[in-house]
Every structure is written in structure tokens, then in C-alpha cells.
2 protein chains.
Amino acid sequence: MAVARDRSATNASDEDGASEGKSPRTARGRKTLRAILDAAAVEFGEKGFHESSISGITTRAGVALGSFYTYFDSKDAVFRALVRDMSTQLRDHVTPLVQAAPDGIAAERIGLESFLEFVREHKEIYRIIDESEFVDYESYRHHYTTTVERIHQRLKAGAARGEIRADVGEIHAWAIGGMNVFLGLRFGLWDRESNPREVAAIANDLLARGLRP
Amino acid sequence: MAVARDRSATNASDEDGASEGKSPRTARGRKTLRAILDAAAVEFGEKGFHESSISGITTRAGVALGSFYTYFDSKDAVFRALVRDMSTQLRDHVTPLVQAAPDGIAAERIGLESFLEFVREHKEIYRIIDESEFVDYESYRHHYTTTVERIHQRLKAGAARGEIRADVGEIHAWAIGGMNVFLGLRFGLWDRESNPREVAAIANDLLARGLRP
DNA sequence: TCCCAAGTTGAATCCTGGTTCAACTTTCAG
DNA sequence: CTGAAAGTTGAACCAGGATTCAACTTGGGA
């Protein structure tokens, strides 16, 4: 839910979610921006981009309609900010857990398991990321490209350590990425009962034999 | 491209793509309906649901704006018809090829390969199916549920024949489904150079060891 | 304390595009 | 051949909602 988290906000560039050259200058402004971003996450997650309205966002945020335009240039702009933000939050949740994995194969199991957990906590993620395909294709492409690239790097690292077959490549990485997204949809979003650990274990078992050297 | 294909149009229910109780009664009407559906596939595929307009569709179809409402109740209604149609076309392309596979593992290879081919021929499919998540969630859920269910059935059949591990289940099916969708996005839609056969072979090799008894 | 930049406000503007409808044309059953 | 049903037409209507803007408020530095 907390969308604009504390960051060591470098300077007045962007880095916070605001549009180019619209960063808040005071504490009051930062508070308002955060309220708008959080409200937008809820509004977009609930209704989707097109059904959402700026006034819906500002009402939720408890600020006036016009204040929105103090921080964002357009409806598209908040959405873009949100996609970047969700993408970052997800990465920040998964990365440290994965890095603590004992080996390359387990890393993928933990990656999936922590992804499932994340989805349970943030049901908005699918609607927001998926809808970026239509609102801002660049963000969409960027999200999946970097996500899969991270998987690919992990696989190569595992291969270097001799834990994974030497010929792993991009195709394997995309296959794993897709597997994760679908399992997240089915067992993270739709079925909130199943146990993420079990799901991840079963999927990982499938993968393990295929990935071993 | 051909969206409303010949069907042994049973009666005046729906079965063709038109809205409830709006089926054409004459040859002229059927021709117009087909033109509208084909145009809608192109328009939606190109611009997405919200950027598309009814007038854009009717212009492409070469008919007047009002004629649209002779066959569909609303913009949503054509979209729904289109999702059902793409979903059916895809199934009809893949199923016979898969059924001719020598064994359960090869079936999945051929399933992926033929899916990649289909995507190359129908770039609209991703935009249309994906956007149904926002326009008509039921259709969206239905599409993926039935698609994965088909994979699941194949796996179980393979298991019964002893070609696939006996404990295959829904999780494996969703994993494969996700893998296919992502590989389709990356190597069917984005990169139109790569060879579907090779991609499918590599992905299937990953799977094979995990699926064998 | 005073002042100005930063921030807030919400009514008014503007525009897009879905949907309606009444007049007109074509088809085809009897 | 003929009339009613089916189909066609596109101008006009209308709602929703993004964006603008000029007046107003706040807060912190000098």
C-alpha cells in the first residue's frame, strides 16, 4: 500500500514519483504527493486505468482536484510513476531473499515463493503492470525485460558455479518468468488459499531436473 | 484475419458474433456483420480497446456508423465477441497439430511451436486477450482457465500412457501455460526473426526431464 | 512580524466519442 | 409484382471526465 516510500531523495530531479520538474519543495508538498500516489494505486488497482478518474484519486487522497496537477502532468503520468514504483517494490522484495539462497536452483524456488507472497500482499500489481501494456507500452516492456534479465543473470551465475547446466540462456529465463507470472495469477491472486511454499516447491521440482548440468 | 468464419449457424440464438437477438437474417446482413467483426479485430489489435472507436471500426468496414448497432449492443459487446473468437481460432489451430504428436512430451513441444506460429500470424491476439482483463474479466479468466485445462488434460493422458510422471497436476499445467505465453510474447511477437521450432525445442528440452516419469 | 514562494482549491471549459433515431433503401416471401 | 421486414445511413444528442486557471491559504526564512 505504501507507494512512495522513504528514499534518500537525491535532488529535485524526479526519483520521487512526480512528473518532470514538479517535485515538491516542502514537507507539506511531499505529504500531498504521497497521498496522491497511494490513492492512485488503490484507484487504479480497483477500477483499472480507464474507469479511474483523477477526481476519484484526489477524493481518496483527500485533496482538491487541482492539486493533482501540481505534481503530475496528466493521468498517464501518475500511471507511469506507479508502474515504475510497483516494479521497484517487487524487485526490492524478491532480490534480497533470492540472494540468500544456497544455490542456483533454490534461488528460483525462492524467487517464485517470494513473488507469490508479494502478490498476496499487493493484489493491485497485476492490474497495474498488465494495464501498462495499453497505457504505456515502454514501461510494460521494460518491466518484463528487466525482470527476465534478472532471472537470466541468476541462471548464468549458477552455471558459472556449476550448479546449473552451462548452456542456459534467454529462452530458459523467459520460460521461468512466464511460469512465475502464471502461477502468481492462479495461486497468488485467484486462489488465496494454497500454500506458496508448496506451489513453489512443486514448480521448482519440475524445473530442477531440467536445469541441472 | 478472417474472424467470422463459416459456421453451421444453427439458429437465431447467437453462435455468430452478434449480440443477443441481433443475428443477421439475410445474406446481406451476414456480410455486413462479418465486415464489422474483421474491422474490429484490426482496430482493436492496432489501437487497443479504449483508443479504438466505433466510427473507426465502421469506417474500416466500409459501413455507416449506425449499422454497428444493428449487430451489437455496445462497444463492449463486439469486444467480447472478438475475445471468444480469437480464443476459438487459437484452439482450432493448435489442437489438431497437438493431437498428431507421437507422445505426451512431444505434444507440449508442438503445442508451443504451433502457438508461436499462430502469434506470428495474428499479432492482435496479445492485445485482445490481454485487454479482456480490463474490458471483460470473465472472458479473460475463461480463456486462460480453459487453455490451461487443455494442457492439464494432455498431461494426464500422457501420464496414463506412462510417458509422463504420474503425479502431474494443475501446477505443472499452469507453469507450462505461462511459459508458452511468455515465449510467445518474446519470440513470437517482439522478435519475429527467431525460429519457432528451435525455441520450442529448447524450452521442451527443459520441460522433458522434469516431466518424465 | 512580514512576505513571498509553494501549495491548495474547485468551478468552468472543452472535447471526445458512444449511443440514438427517424428517414431512406434493399430484399424476398407470397 | 408488391409490401412488410430487414438493413442502412449519418447527423445530432449527451455524458463523463481530463485539464485549466485565477483567487485564496500556508508556512518558514529574513
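Here is the naming used below: chain letters follow the sequence lines, and residue numbers restart at 1 for every chain. Owing to the predicted nature of the structure, the values given are computational and were not obtained by experimental measurement.
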Heavy atoms, side chains only, cut-off 4.5 Å: are [X] and [Y] in contact?
X        : Y        : answer
A:Trp190 : B:Thr145 : yes
B:Arg186 : A:Tyr144 : no
B:Asp130 : A:Tyr140 : yes
A:Tyr69  : A:Ile54  : yes
A:Leu207 : A:Ile105 : no

- Note on the structure: Here the residues of residues 65-80 of chain B within 4.0 Å heavy-atom distance, strictly under, of DNA chain C are B:Leu65, B:Tyr69, B:Ser74, B:Lys75

- Near DNA chain C, under 4.0 Å by heavy atom, which residues of residues 44-53 of chain B? B:Ser52, B:Ser53

- Task: Step through the shown structure and confirm whether more than 12 heavy atoms of other residues, nucleotides or ligands are within 6.0 Å of CZ on B:Arg197.
- Result: no

- Answer yes or no: does atom NE2 of A:His93 have more than 12 heavy-atom neighbours from other residues, nucleotides or ligands under 6.0 Å? yes

- Output field: ring centroids B:Phe79/B:Phe44 closer than 6.0 Å: yes

- Item | Ring centroid separation B:Phe182 to A:Phe182 under 6.0 Å | no

- Task: List the steps and the verdict of side-chain contact (heavy atoms from CB on, under 4.5 Å) for B:Val42 and B:Arg60.
- Result: CA-CA 9 Å; B:Val42 177; B:Arg60 277 181 210 266; 3.3 Å; yes

- Boundaries of the DNA chain C segment in contact with chain A, non-hydrogen, under 4.0 Å: C:dA6 to C:dA11

